[in-house]
Amino acid sequence: MTRFIVIRALQTFLALIGIIVLVFFMVRISGDPTLFMTSPLSTPEETIILQKQIGLDKSYAEQFWIFISGLARGDLGTSFIKRIPVAEQLGSALPNTLRLSLPSFFIGTILGIALGVLGATKRDSILDNGVKFLAIMGQALPGFWVAIMAVLIFSVHWEIFPAAGTGGIEYYVLPVTTMLFFMLPGMMRLVRSTMLDVLDSEYIKLARIKGLSERTVIWKHALRNAIIAPLTVAGMMLAGLVNGAIIIENVFNWPGMGKLIVESTFGRDFPVVQAIAVIVAIMVLGMNFLVDIAYAYVDPRIRYERG
Amino acid sequence: MVLSVEKLKRKRRGNTRWGNIARNLGMILPALIFALLFFTAIFANLIAPYPYDETNLPQRRMPPAWVEGGSTDHFLGTDTLGRDVLSRAMFGAQVSLSVSLLAIVITAVVGTILGIMSGYMGGRVDAFIMRVVDIALAFPGLLVAILLAVSIGPGFFTVVFALSVLAWAGYARVIRGEALRLRNSDFVLQAQIVGASPFRIMLRHIFPNIMNVLIIGITLNIGTFILAEAGMSYLGIGIPPPRPSWGSMVADGRNDLDSAWWISTFPGILIGLVVLSGNFLGDWLRDKMDPRLRQL
């Protein structure tokens, strides 16, 4: 097991390095950021001074060294546009993103499990069909459009909730609800289908024969086994959450990471883009690593087969 | 497998005439919608009432025909520049379809090749490919799309590339499972005994047997690609304007929700309708061709 963890950790680290190199060069293909920062009237000398100020006069090798050694020290560099440390920018954007995605995540998980279980146990009932309908719609309609329609109905037409911005609890209702759209349908579907499988199994029949109440059978015996499936797709859920944050923050003008990355990519703010990409990569790889370890812990065959 | 009374009942219920019609409706209606979509995309130049970029400022923000103030000249109304929403939606079908279809071909080819190799060859090849697959599947596609769009510059092939660069992994994983299952089947063992090369076995013996899974996967994937393309267009990293795409049309109407709701509303409904059709078609195909894969 230790051997497996060490190998996996090394692989994860290598993948991270690969992604960092890739991101570093990808943002640099995109063009000279000084073009966006100077006016067409400024002289070549001014441009050169600017390049010096933000460190773009150095060779790629030097720039890469500055970037990676800074990263190792926890220094994410300085934003080209705002001229403040990237860490500071992220420090204000990240909490905003978490404020949006964490409630969506928890509500989505709990609601997804509850509705998935109810759909599976009360099969073909009105509730089950409602769940199925919601899942089908959720997987077919584009999230940004649903968000805009929510604005149209609740902000423009009825004027109940604000259309954009941050503030009190009323500002959270629309973004959080529409963000649910990115994760609830998949979650519901997954829980429902694994629950149907589990309910068909021998140990559930045994539990029923033992005379346990239906509630205990479903919510204790069956759910515990069905809940493993959603955990295994934790990585994909994380990806969905990041995608959701990018879209929803841009629709609702929410000052989080999703909005920051879109703005800084268009403004060629390399350090910010790099930092966000690397942070997301660390999150993704870390999640994968943990899931792998958990798998190997549960299923010894994996340790030997895929070490 | 134990056949319970409940299951038999369910089976019988599904075999009534209404059940048959309902099941086939799940194929007929989506197929019609797709046929119409293809027709519109191919002949958009001929059937669209206006060119997609024809602006008409005096007639901007005209409501749809059935709303007060609308006219049948612009059935779905006009946008902020006076462009006909219906015509733009018709041309938008071109973008959605061409981008998605090309991306699907690329992902399916790459995913199938890597999946078969991974499943049949096993060992280090398998371990390496599956590691990359794990990472690709967990990576947020929009982030990659943003990076690509800005580094290569927005355009048709950028969108196609951004859509395919991660999506092949989904195919590779499913196909690998199939290849793994087939690796120890009798016909593969016999081919090995008569001395067929690994390449020949993968191409002639394994590939034909995963066609079903592949076709189902492709159909189910159309919707995902159309949604992803729309998301990119919405963020402004899709096909550059003035060429319309449904996603960018929704974005165009974002600032006029209070005065012209129709600009954002209709393209979104179209996306939903097409994706829904694709998903239904995929489900129907899966039930017909490979009930094993059914998700209940």
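Chain A is the first sequence line, chain B the second, and so forth, proteins listed ahead of strands; every chain is numbered from 1. Worth saying up front: this structure is predicted, and the values here are computed from it rather than measured.
- The backbone N or O of B:Leu142 lies less than 3.5 Å from a partner atom in the side chain of A:Asn243, making a donor-acceptor pair.
- Atom CE of A:Met137 is separated from atom CG of B:Asn279 by 10.5 Å, given to the nearest 0.5 angstrom.
- Neither the backbone nor the side chain of A:Val146 comes within contact range of chain B, judged by heavy atoms closer than 4.5 Å.
- Using a 4.5 Å heavy-atom threshold, the side chains of A:Gln274 and B:Leu147 count as separate.
- Note that CD1 of B:Ile135 and CE of A:Met287 are 14.5 Å apart. Values are rounded to the nearest 0.5 Å.
- At a 4.5 Å heavy-atom cutoff, A:Leu241 makes no contact with chain B through either its backbone or its side chain.
- Residues B:Trp261 and A:Ile153 are not in side-chain contact: their nearest non-hydrogen atoms beyond the backbone lie 4.5 Å or more apart.
- No more than 12 heavy atoms of other residues, nucleotides or ligands lie within 6.0 Å of CZ in A:Phe13, so this atom counts as exposed by the packing criterion.
- For the pair B:Asp258/A:Ser155, no side-chain contact is recorded, criterion being any heavy-atom separation below 4.5 Å from C-beta on.
- Within the 4.5 angstrom heavy-atom criterion, atoms from both the backbone and the side chain of B:Leu148 approach chain A.
- Taking both residues in full, the closest heavy atoms of B:Leu143 and A:Ala277 are given as CD2-CA, 4.3 Å, listed atom of the first, atom of the second, then distance.
- The shortest non-hydrogen separation linking A:Ala140 to B:Leu276 is CB-CD1, 3.5 Å.
- Interatomic distance, CZ of A:Phe144 versus OG of B:Ser233, reported as 7.5 Å (0.5 Å rounding).
- B:Phe280 CZ: 12 or fewer foreign heavy atoms inside a 6.0 Å radius.
- The main-chain N or O of A:Val251 is found under 3.5 Å from a side-chain atom of B:Arg254 such that the two form a donor-acceptor pair.
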Are A:His157 and B:Leu257 close enough, and set up right, to give a side-chain contact (heavy atoms from CB on, under 4.5 Å), and what steps lead you there? CA-CA 9 Å; A:His157 191 67; B:Leu257 284 180; over 6 Å; no

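- Distance check, rounded to the nearest 0.5 Å: CD1 of A:Ile276 to CD1 of B:Ile146 gives 9.0 Å.
- Heavy atoms of A:Leu285 lying under 4.5 Å from chain B belong exclusively to its side chain.
- Put simply, the side chain of A:Trp145 gets close to the backbone of B:Thr265: a donor and an acceptor are under 3.5 Å apart.
- A distance of 5.5 Å separates CG in A:Asn250 from CG in B:Leu235, rounded to the nearest 0.5 Å.
- With respect to chain A, the highest number of heavy-atom pairs below 4.5 Å among B:Gly268, B:Gly223, B:Ala145 belongs to B:Gly268.
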Could you go through B:Phe139 and A:Asn288, starting from their C-alpha distance and side-chain angles, then the distance that decides it, and tell me whether this counts as side-chain contact (heavy atoms from CB on, under 4.5 Å)? CA-CA 10 Å; B:Phe139 230 79; A:Asn288 257 345; over 6 Å; no

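- When the candidates B:Ser277, B:Pro267, B:Gly231 are compared by the number of heavy-atom contacts under 4.5 Å with chain A, B:Gly231 comes out ahead.
- B:Pro140 approaches A:Val284 most closely through the heavy-atom pair CD-CG2, 4.0 Å.
- Of all the listed residues (A:Val280, A:Leu152, A:Val273), the one sharing the greatest number of non-hydrogen pairs under 4.5 Å with chain B is A:Leu152.
- Using a 4.5 Å heavy-atom threshold, the side chains of B:Val250 and A:Ile148 count as touching.
- Interface remark: A:Ala120 contributes no atoms to any contact with chain B (heavy atom separation under 4.5 Å).
- Neither the backbone nor the side chain of B:Ile226 has a heavy atom closer than 4.5 Å to any heavy atom of chain A.
- A pairwise comparison of heavy atoms in A:Pro142 and B:Gly272 identifies CD-N, 4.3 Å as the closest pair.
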